[in-house]
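To start, the structure itself, in structure tokens.
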Protein chains: 2
Amino acid sequence: MAAKNSGARSKRTRRTSERPPPVQEPPLSRERIVTTAVELLDAQGIEGLTMRRLADRLGAGVMSLYWHVDKKEDVFDLALDAVLDYRASPPGNEPQDWRGEAIHMLEDWRASMLRHPWSASLLPRRVLGPNILSRLERLSQILSRAGVADTNLNAAIWSLWNYVMGATITRASFDVSDDDRAAAQQRLTRLSERYPTIERSRLLLDDDWNGAFRKGLGFLLDGLSPK
Amino acid sequence: MAAKNSGARSKRTRRTSERPPPVQEPPLSRERIVTTAVELLDAQGIEGLTMRRLADRLGAGVMSLYWHVDKKEDVFDLALDAVLDYRASPPGNEPQDWRGEAIHMLEDWRASMLRHPWSASLLPRRVLGPNILSRLERLSQILSRAGVADTNLNAAIWSLWNYVMGATITRASFDVSDDDRAAAQQRLTRLSERYPTIERSRLLLDDDWNGAFRKGLGFLLDGLSPK
DNA sequence: ACCTGAACACCGTTCAAGT
DNA sequence: ACCTGAACACCGTTCAAGT
């Protein structure tokens with residue numbers, strides 16, 4: 001009873017068993033597709049998401065997906081936004097600690113994406129889904145309450161966005177290719193007369209990503225703070 | 001004589017004409033491959049670069065490429081670094097205006113990538129080529145000379161890197177999908193009770209990308225400046 | 001040393017059809 | 001309304017072979 005539907009592609013013979021749909025194969029739906037897509041992306045990375053594989057995991061034919069979704073791109077859009085959900089303490093709270101609030105939300109943003117490393121390299125090409133928008137909304141409110149001038153508000157939001165995106169994308173890509181990074185540092189050491197400064201500071205070997213993220217974010221918030 | 005080799009795929013009959021290789025079809029080489037790859041990427045975008053198409057443009061068979069290059073990935077790596085060359089006034093100059101120097105170099109970085117929008121979405125997954133490294137080296141020297149403490153140096157470099165990458169990637173992706181952006185703003189206006197703050201500040205309609213970039217960079221440099 | 005075509009194991013998506 | 005298989009026009013890369 002356990003591994004019933006695993007190995008055998010026995011779609012044809014399903015009707016013979018009499019039970020009313022026993023949870024086992026709920027009908028296809030956008031939701032189910034997105035959930036499974038995220039699973040697949042987590043497991044196999046961005047290259048691993050294939051319409052054929054996705055359909056397989058769902059126990060459906062490839063073309064069935066196209067009833068619920070227009071193009072493969074849509075699956076990417078939906079998967080990305082699905083991953084960026086944010087629940088935080090209600091907005092009105094503690095208007096004094098805007099810095100802490102901003103840091104919390106942005107670190108969570110980064111963490112959410114690093115939990116699904118594919119999301120980082122996906123984001124650049126994707127549309128702004130509702131979860132992304134509501135994070136931007138939240139950020140805007142925090143900064144506004146903090147006293148950032150209206151004329152600076154958009155620039156401030158985008159600069160934080162830029163910082164977080166850049167950091168996350170970089171982090172995720174280094175994660176994937178740790179060997180490449182080692183190779184780069186090797187080359188760097190070999191050519192230490194060409195890159196003396198970053199060689200000396202061990203720029204590529206510094207492993208404290210979280211610390212660097214927080215520190216840099218601190219710099220930026222310092223610069224943003226209304227004087 | 002002009003459009004000699006354009007339409008006809010007459011590889012077979014080439015030997016009949018007697019001339020010594022008249023510049024027309026220089027032998028395949030890594031360099032030629034990279035140059036053509038950049039052209040192709042500029043023209044067709046990231047999806048447009050295909051080993052088959054690339055070989056076609058070079059008047060060679062697909063598999064000939066694989067003598068000069070291991071995998072398609074390599075072509076991407078090489079194309080990316082090729083685009084990031086930086087020539088600036090010699091490093092020793094004007095030690096006083098570090099801020100101007102940093103801004104110049106980072107704006108040039110962004111501009112170089114925006115000239116080849118595919119580079120922005122490529123970078124996250126790529127190795128650090130020599131041109132990228134030498135920019136980081138340069139940045140490190142500037143900040144060091146500016147008096148940034150050694151303990152802050154790496155964090156400072158990465159935060160600037162993050163900012164520039166985030167900004168560039170975002171800019172490039174919005175460039176590609178201007179309609180998507182319009183659609184997003186539409187949805188946003190429709191749901192203005194959900195996103196009142198960013199709706200009011202017209203976050204998604206603000207078109208002054210260059211201004212926003214400079215402003216945000218200013219914030220960050222302010223935060224970085226040794227007090 | 002350099003280049004090649006045929007073949008393999010994949011893709012996303014159109015289309016006409018089934019229930 | 002929802003699902004399907006066959007077919008089309010592509011991919012990157014292995015392999016055995018040519019010069």
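Throughout, protein chains are lettered first and strands after them, A, B, ... in sequence-line order, and every chain is numbered starting at 1.
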Say whether, by atom type as modelled, one donor and one acceptor occur between the side chain of B:Q141 and the main chain of A:T197 under 3.5 angstrom.
no
Could you give the [atom1]-to-[atom2] distance, from [X] to [N], as a whole number of Å?
| X | N | atom1 | atom2 | value |
| --- | --- | --- | --- | --- |
| B:R52 | C:dC11 | CZ | P | 15 Å |
| B:E73 | D:dC11 | CD | C1' | 14 Å |
| A:I33 | C:dG12 | CD1 | P | 14 Å |
| B:M63 | D:dC11 | CE | C1' | 13 Å |
| B:M51 | D:dC11 | CE | C1' | 12 Å |
| B:K72 | D:dG12 | NZ | P | 4 Å |
| B:Y66 | C:dG5 | OH | P | 15 Å |
| B:E47 | D:dC10 | CD | C1' | 13 Å |

Watson-Crick or G-U wobble partner for C:dA6, using a 3.5 Å limit on both distances?
D:dT14
Exercise: identify the closest heavy-atom pair between A:L58 and A:I33:
CD1-CG1, 4.0 Å
Quick check for you: among C:dC11, C:dC3, D:dC3, whose closest atom lies nearest to any side-chain atom of A:T50?
C:dC11
Can you identify which nucleotide, out of C:dT13, C:dC3, D:dC3, has its nearest atom closest to the A:W67 side chain?
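Of the candidates, D:dC3 comes closest.
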Are side-chain heavy atoms of A:L203 and B:W158 found at a separation under 4.5 Å?
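Side-chain contact under 4.5 Å: yes.
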Six-ring centre of B:F213, B:R110 cation under 6.0 angstrom, axis tolerance 45°
yes
Contact class for A:S64 (heavy atom, under 4.0 Å): base, sugar-phosphate, or nothing?
base
Would you please confirm or rule out a distance under 4.0 Å between OP1 or OP2 of C:dC10 and any side-chain N or O of A:R53?
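Indeed not, no polar side-chain atom of A:R53 lies that close.
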If you find the nucleotide of DNA chain C closest to B:H68 and the one closest to A:L49, which residue's nucleotide is nearer the 5' end?
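Its nucleotide being nearer the 5' end, the pick is B:H68.
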Ion pair A:D74/A:R30, N-O distance below 4.0 Å:
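Salt bridge: no.
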Separation between the P atoms of C:dA17 and D:dC2, rounded to whole Å
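Straight-line distance between the two P atoms is 22 Å.
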